[in-house]
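The shown structure was predicted, so the numbers you read here are calculated from the model rather than taken from an experiment.
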Amino acid sequence: MNIQLTSTKTLFLKLQPPQDNFIEQEEKFSFDYQVEFPESIKNKFIVVIKSLIEHKSGYHIDTIFLAEFKIDSDINEEFKNSKFPFVNAFAIAYPFFRAFIANTLVNCGLEVMYLPSVNFEAMYKKKKEKSV
């Protein structure tokens, strides 16, 4: 099976400046992700990353980031239930998301913030336990 990342894009980006009484604080980063399998396209799936970032300058960055993957055959239930879309595809998409955040901050004139590494396998197991 041949799987390819075909595109990444930002669906939503909100950058809020700090409040007037802001005192510099520690950076915070939280995110969640999901995988979507569009019914109209049988050989594509999308990894959706939703995040909220609190920059040490006080700016808040809220974003939804998409990574679209294409497969050389139709997606079946076995693939949908496998770890690939939830672990491997996310691991492929995440560096593009990290680069997007770093570039956006720099282009806004803010100090770059490098997002942490993520244990995708552990996240998958935790999400799976919650859904049971």
Side-chain angles (χ1 to χ4, degrees):
M1 181 181 296
N2 183 13
I3 302 169
Q4 179 182 16
L5 174 65
T6 57
S7 71
T8 61
K9 60 185 118 191
T10 304
L11 187 62
F12 176 80
L13 175 65
K14 181 179 179 184
L15 184 66
Q16 273 185 282
Q19 302 295 322
D20 290 337
N21 58 353
F22 174 76
I23 300 170
E24 191 171 305
Q25 58 189 15
E26 193 174 312
E27 295 174 330
K28 294 180 184 172
F29 169 61
S30 62
F31 75 100
D32 195 13
Y33 76 97
Q34 62 192 49
V35 179
E36 296 181 2
F37 299 95
E39 289 189 27
S40 60
I41 307 171
K42 301 291 182 192
N43 67 336
K44 290 187 179 182
F45 68 96
I46 300 167
V47 174
V48 181
I49 302 171
K50 297 177 182 180
S51 74
L52 181 59
I53 299 166
E54 294 181 29
H55 192 266
K56 66 182 178 182
S57 66
Y59 278 83
H60 286 222
I61 301 111
D62 189 5
T63 186
I64 300 174
F65 185 84
L66 307 178
E68 184 178 81
F69 290 83
K70 182 178 180 180
I71 300 176
D72 61 358
S73 61
D74 286 352
I75 295 173
N76 58 27
E77 288 303 313
E78 181 182 355
F79 180 81
K80 287 180 181 180
N81 295 319
S82 73
K83 289 188 339 186
F84 186 88
F86 301 94
V87 177
N88 302 73
F90 184 55
I92 292 167
Y94 188 69
F96 291 92
F97 174 68
R98 287 176 76 185
F100 166 75
I101 294 298
N103 289 331
T104 298
L105 292 171
V106 168
N107 288 334
C108 289
L110 300 171
E111 187 177 324
V112 71
M113 176 181 172
Y114 297 104
L115 301 183
S117 297
V118 175
N119 183 334
F120 306 106
E121 183 75 29
M123 262 186 92
Y124 172 73
K125 286 179 182 176
K126 193 173 186 179
K127 278 180 159 277
K128 199 165 182 155
E129 288 171 3
K130 283 184 179 180
S131 67
V132 173

key: Sequence neighbours excluded - salt bridge (Lys or Arg N to Asp or Glu O under 4.0 Å) pairs with any residue from residues 94-114   = Lys56-Glu111
message = Tell me the closest heavy-atom pair linking Ala89 and Phe45, and the distance in Å.
response = CB-CE1, 3.7 Å
query = Would you find more than 12 non-hydrogen atoms of other residues, nucleotides or ligands less than 6.0 Å from Tyr114 atom OH?
reply = no
key: In one Ile/Leu/Val/Met/Phe/Trp/Tyr side-chain cluster, 4.5 Å: Tyr94, Phe65   = yes
task = Report yes if the side chains of Asp74 and Phe79 come closer than 4.5 Å at any heavy-atom pair, otherwise no.
result = no
query = Can you list the steps and then say if Asn2 with Ile71 is a side-chain contact (heavy atoms from CB on, under 4.5 Å)?
reply = CA-CA 6 Å; Asn2 183 13; Ile71 300 176; over 6 Å; no
task = Run the salt-bridge test on Lys126 and Glu129 with the 4.0 Å N-O cut-off and return the result as yes or no.
result = no
Whether Asn43 side chain and Ser73 backbone form a donor-acceptor pair below 3.5 Å = no
query = Are any non-hydrogen side-chain atoms of Val106 and Thr104 less than 4.5 angstrom apart?
reply = no
task = Rounded to the nearest 0.5 Å, what's the gap from CZ on Phe37 to CD on Glu77? Could you check?
result = 8.5 Å
query = Looking only at heavy atoms, what is the nearest atom pair of Met113 and Leu105, with distance?
reply = CB-CD1, 3.4 Å
note = Nearest heavy-atom contact between Pro18 and Ser57 is CG-O, 3.5 Å
inquiry  = Any salt bridge linking Lys9 with Glu68? Criterion: basic side-chain nitrogen under 4.0 Å from a carboxylate oxygen.
reply    = no
ask   = Does Leu66 share a hydrophobic cluster with Ile49, counting links as ILVMFWY side-chain heavy atoms below 4.5 Å and allowing steps through other members?
value = no
message = Are Phe86 and Phe96 linked, directly or through intermediate hydrophobic residues, by side-chain heavy-atom contacts shorter than 4.5 Å (ILVMFWY only)?
response = yes
message = Within the structure provided, determine whether Glu54 and Glu26 are in side-chain contact (heavy-atom separation under 4.5 Å).
response = no
note = Residues Leu5 and Ala67: closest non-hydrogen pair is CD1-CB, 3.9 Å
task = May I ask you to say whether Asp62 pairs ionically with Lys50, meaning some side-chain N is under 4.0 Å from a carboxylate O?
result = no
query = Taking atom CG of Asn76 and atom NZ of Lys42, what is their separation to the nearest 0.5 Å?
reply = 11.5 Å
request  = Check whether any side-chain heavy atom of Ile53 sits under 4.5 Å from a side-chain heavy atom of Lys28, and report yes or no.
outcome  = no
request  = Find out whether the Lys NZ or Arg CZ of Lys125 is both under 6.0 angstrom from the six-membered ring centre of Phe120 and within 45° of the ring's axis.
outcome  = no
message = According to a hydrophobic-cluster definition based on side-chain heavy atoms being under 4.5 Å apart (Ile, Leu, Val, Met, Phe, Trp, Tyr only), do Val118 and Val47 belong together?
response = yes
ask   = When you look at NZ of Lys127, are more than 12 heavy atoms from neighbouring residues, nucleotides or ligands closer to it than 6.0 Å?
value = yes
note = Heavy-atom nearest pair, Ile75 first then Lys44, reads CD1-O, 3.3 Å
inquiry  = Donor-acceptor check, side chain of Thr63 to backbone of Ser51, threshold 3.5 angstrom: yes or no?
reply    = no
request  = Verify side-chain contact (heavy atoms from CB on, under 4.5 Å) between His60 and His55, making sure each step is shown before the conclusion.
outcome  = CA-CA 6 Å; His60 286 222; His55 192 266; over 6 Å; no
query = Is there a path of hydrophobic side-chain contacts, each under 4.5 Å between heavy atoms of I, L, V, M, F, W or Y residues, that connects Phe97 with Leu110?
reply = yes
Any side-chain heavy-atom pair of Tyr33 and Met123 under 4.5 Å = yes
request  = Please report the C-alpha distance between Phe31 and Phe29 in whole Å, then the side-chain angles of each, then the deciding distance to 0.1 Å, and finally whether the ring-ring contact (aromatic ring centres under 6.0 Å, His included) criterion is met.
outcome  = CA-CA 7 Å; Phe31 75 100; Phe29 169 61; 5.2 Å; yes
